[in-house]
Structure formats: C-alpha cells, structure tokens
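Reading through the structure tokens given below for one structure.
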There are 2 protein chains.
Amino acid sequence: MARPKKFSRETVLDKAIPVFWRYGLAGANVQQLEAATGVNKSGLYSEFENKDDMFVEALRRYLETGPALRILSSRPLGLGNIEQFLSLAPAFSGDYAGCLSVNSTRDIALLPDAAVRLILDFNETRMAAIRKNVEAEFPQDQVDDVCNLIWTFFSGICIDANLKADVGAHRNRVQAFMRLLRGSASSGRAEA
Amino acid sequence: MARPKKFSRETVLDKAIPVFWRYGLAGANVQQLEAATGVNKSGLYSEFENKDDMFVEALRRYLETGPALRILSSRPLGLGNIEQFLSLAPAFSGDYAGCLSVNSTRDIALLPDAAVRLILDFNETRMAAIRKNVEAEFPQDQVDDVCNLIWTFFSGICIDANLKADVGAHRNRVQAFMRLLRGSASSGRAEA
DNA sequence: AGTATTCTGAACCGAATAGTTCAATACCCG
DNA sequence: CGGGTATTGAACTATTCGGTTCAGAATACT
C-alpha cells in the first residue's frame, strides 16, 4: 500500500541526544541535528514541534532509557549499586562522556519549562533510588549526608568528563570515593 | 583636555561575568551584555574584539580575581583551607551561584581555544594548590585520590548550584564531605 | 569658549538562525 | 503496474545574531 517509515521517532532521538549532549540546547543547531539523525529538516519538523520540543523529547528518552534507575534498584540494595551507578551511569561510549541531564542543569536558565521539570523530577526519583541503597548500609542519621555526597560526586564526575573522557581515571576516582564511603559506613556502624 | 573614561575594562568585565556565568558563551547575546554592563555596543566593540574575546577576558578576570588560590595558599596549609575553598569559592552572592569556570567546562566544545587553555591551565594550578594542602595531612599514597575527590566534589557543588542556590544546604554538604575527609585522614595516619 | 576625547544612538550589513511550504521522488504492497 | 504514503530537496520567510560605521552628544580640562 504505502511506503513504510524509514526512521522511528526513537532512533531519531537516540541520534539527536549526543548533539544536545555535547553542544547544549542553545549551542546545537538544526543542521547538526539533520546531520546526526540523517533526517531532513522537513522530516524533523514533521515529527517534532520545534527545536525545543526535540530537546525535551531527547532528554526524556535519555532519562527513560538510561541505566541509572535500573542499576540503583537491582538487588541486593547497597553500596554495590552505588558503585555501579557511579561507574556506568556516566556514559563513556566513544566520543561523549558524562550525563546529558547533568550537563543540562548548567543550561537551566535557557531550557524550556518542560525540560526543567524533567530534570527536577528525575533528580527526585533518582535521589530516592540512591537513598534506598544508602539506607541499607548507613545509620539513619547519616543517610541524608551520604546521599548528597553521592549525588554531588556524580555531578562532578559528569562535568569533568566533558574535559577529558578518561575511562581509567574515572574508575580510579570512583574506587577512591567508594573506599571513603565504605570506611565511613563501617566506622559509622561501629559507633552505633 | 579630554573627557575621561566613564567605564574601565575591569568594571565592564565584572558586570559581564554574571551574564556568561548564567547563560554560557553560546547562550549569552550582545544585548544582554550591553544591558548588564551599561555600555553601548559600540563601546563594547571598541574595548573588545568580539564576543568570544569578551568571554575570554571575562573568564580570565574571573579566575584572576577569584578567591580560590588565595584561600588555598593561606597558612597553615591543610584541610582547613580545603574547607574554606569548598565553602567560599563557589560564590553565593545574590543571584548567581557556582563557578563560571566549572560551568564553562560544560560548554567546552563551543569555546575558543584561548578559553579552553585558560580553563586547563587554571585547573592545573588550582589542583597544585589543593595538593599542597592535602600533602600536609595525608600519607603520600593517598594524595592523588584525595585531590581528585576534592576537585570532583567541588565541580559537583558548582553544577548543582545552577539548580538551587541554597546556602544552608551548601554548607551542610561541605561539612559532611569534610567529616568524611577528616575521618579518612586520621584513620589513614593511624594505619601508617 | 574651545578643544580633545569618550561615549551613545541609530542605522546598517551579511550571515546564520529557526521554521514553513510544497512539488518531486522514493518506496512498498496489493 | 499503480495507488498511496514517507521522505527529500530546495526555495522561501522572518527573525535574530554578531559586528561595523559614524555623526553627534556629553564631558572635562585649559
């Protein structure tokens, strides 16, 4: 009957993600999005409202398909999951590293409301997932602090990844941080 | 003889800094810079080559006048300086928070070479200053790791500050991190 | 007042931008 | 083959952008 779709919304978004990742919403232009997705401007604008919409949908897909929540909810809960999260959630695949969501918090002043909401909402659910793992290993009165430390550390890793995507250095840093956390966990329980 | 200068290069840069800080190089436009500095476009372009140049000079001035190195080299060296650095270096003055340099590493793909060099160079000297303080309190084999932790934590703080500039939460996070560090320092020395 | 300098305002330019439109074509399937 | 949809290409608009130019106003000193 008819010609079938050559591209799916999802694959287009997957290819648009690295562009926004690297250049941000303001820094990315439609030509780059055409080149990266392999889809014509006409095609893009038939699938998305505008560049902002494209960005929001890319960010949504990024957050939905990313490994963070899956990693953080795997059993058993505990610092093992945190280590996995810190190791794997900031992607180090080929060209780009870090995290689109963390990068985007830097651009927060320029983002459409929908994107800001996505970021804030996901920050909450991600933090809740982190917390469940922390609660499994730390006394209650330390949980807040440890969660904040983990999140801050994660953000720092992601930003630094823009500068140099060095897998080895990344692993070392995560391990050093985990040693610190584990030391704190055991001494914390010893005190309790 | 002649009309004296109404604005100085330095005050203009000081007023331009928050604009780049908040919107980034790509996200800031000349109109915003005019409004923020109170200087006409003609005036700006008589003082600076172009927008890129304005950004580079703003970043340079930011790094030169910022408190980081001063804090980190005050005597005695040690974790006290680190705490001061983490507490004060990310500015929380009024509207804007975080750090222009950290924010700019997110935009690294769009920055002029001179800006990239500024960031990398200052990262090195800043890291060297951090290291001197760490060496005063940690056994040699832990120094690298601890330095990386501190820097990563700092970056994380700065990025998160774009989202919510909460002075109280900031202080709590720094203190929690310092507790962790101090615990590690004492146990590290005990082991040695 | 006269003069040298600073600064502004506004007009202007070319390039790049996001976004629209539509005719032409590629494609699949019955 | 032919009908119908997916996609492209290109032309086009409108806006914004960075950047230039320059005449004239503001200012301070002699």
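Computed from a predicted model, the values in this text were never measured in an experiment. Convention: sequence-line order gives letters A, B, ...; per-chain numbering from 1.
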_Would you say the rings of B/F153 and A/F153 are close, in the sense that their centroids are separated by under 6.0 Å?_
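No, too far apart.
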*Aromatic rings B/F85 and B/F154: how do their planes relate, parallel, tilted or perpendicular, breaks at 30° and 60°?*
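Taking B/F154 first and then B/F85, their aromatic rings lie parallel (interplane angle under 30°).
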*Is there a salt bridge (Lys or Arg N to Asp or Glu O under 4.0 Å) between B/E47 and B/R9 once you walk through the steps?*
CA-CA 7 Å; B/E47 188 71 35; B/R9 189 179 173 85; 3.3 Å; yes
*Using a 4.0 Å heavy-atom cut-off across all strands, classify A/A28 as base, sugar-phosphate, or nothing.*
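Result for A/A28 = sugar-phosphate.
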*Helical bend (five base pairs per end, nearest 10°) for the helix from C/dA1-D/dT30 to C/dC27-D/dG4*: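 About 10° separates the two local helix axes.
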*How far apart are the C-alpha atoms of B/E57 and B/R60, what are their side-chain angles, what is the distance that settles it, and do they pass the salt bridge (Lys or Arg N to Asp or Glu O under 4.0 Å) test?*
CA-CA 5 Å; B/E57 294 309 311; B/R60 167 174 292 123; 2.7 Å; yes
_Separation of D/dT20 C1' from B/E49 CD (nearest whole Å)_ =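 Result: 14 Å.
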*Rounded to whole angstrom units, what separation is found between the NZ atom of A/K51 and the P atom of C/dT20?*
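To the nearest whole Å, that distance equals 14 Å.
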*If you measure from the Lys or Arg side-chain nitrogens to the Asp or Glu carboxylate oxygens, is any gap between B/R182 and B/E83 under 4.0 Å?*
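Answer for the salt bridge query: yes.
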*asked:* Between the side chains of A/D113 and A/R117, is the shortest nitrogen-to-carboxylate-oxygen separation below 4.0 Å, so that they form an ion pair?
replied: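 Result for this pair is no, no salt bridge flagged.
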*Could you please spell out the steps behind the side-chain hydrogen bond (donor to acceptor under 3.5 Å, both in side chains) verdict for A/T152 and B/R173?*
CA-CA 9 Å; A/T152 304; B/R173 261 197 282 189; 2.7 Å; yes
_For A/L77, the rest of its hydrophobic cluster, which grows through side-chain links under 4.5 angstrom_ =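 Traced through the cluster, A/L77 reaches no other member.
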*What parts of residues 29-45 of chain A reach DNA chain D, counting only heavy atoms under 4.0 Å away?*
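Within this stretch, A/G38, A/V39, A/N40, A/S42 sit under 4.0 Å of the strand.
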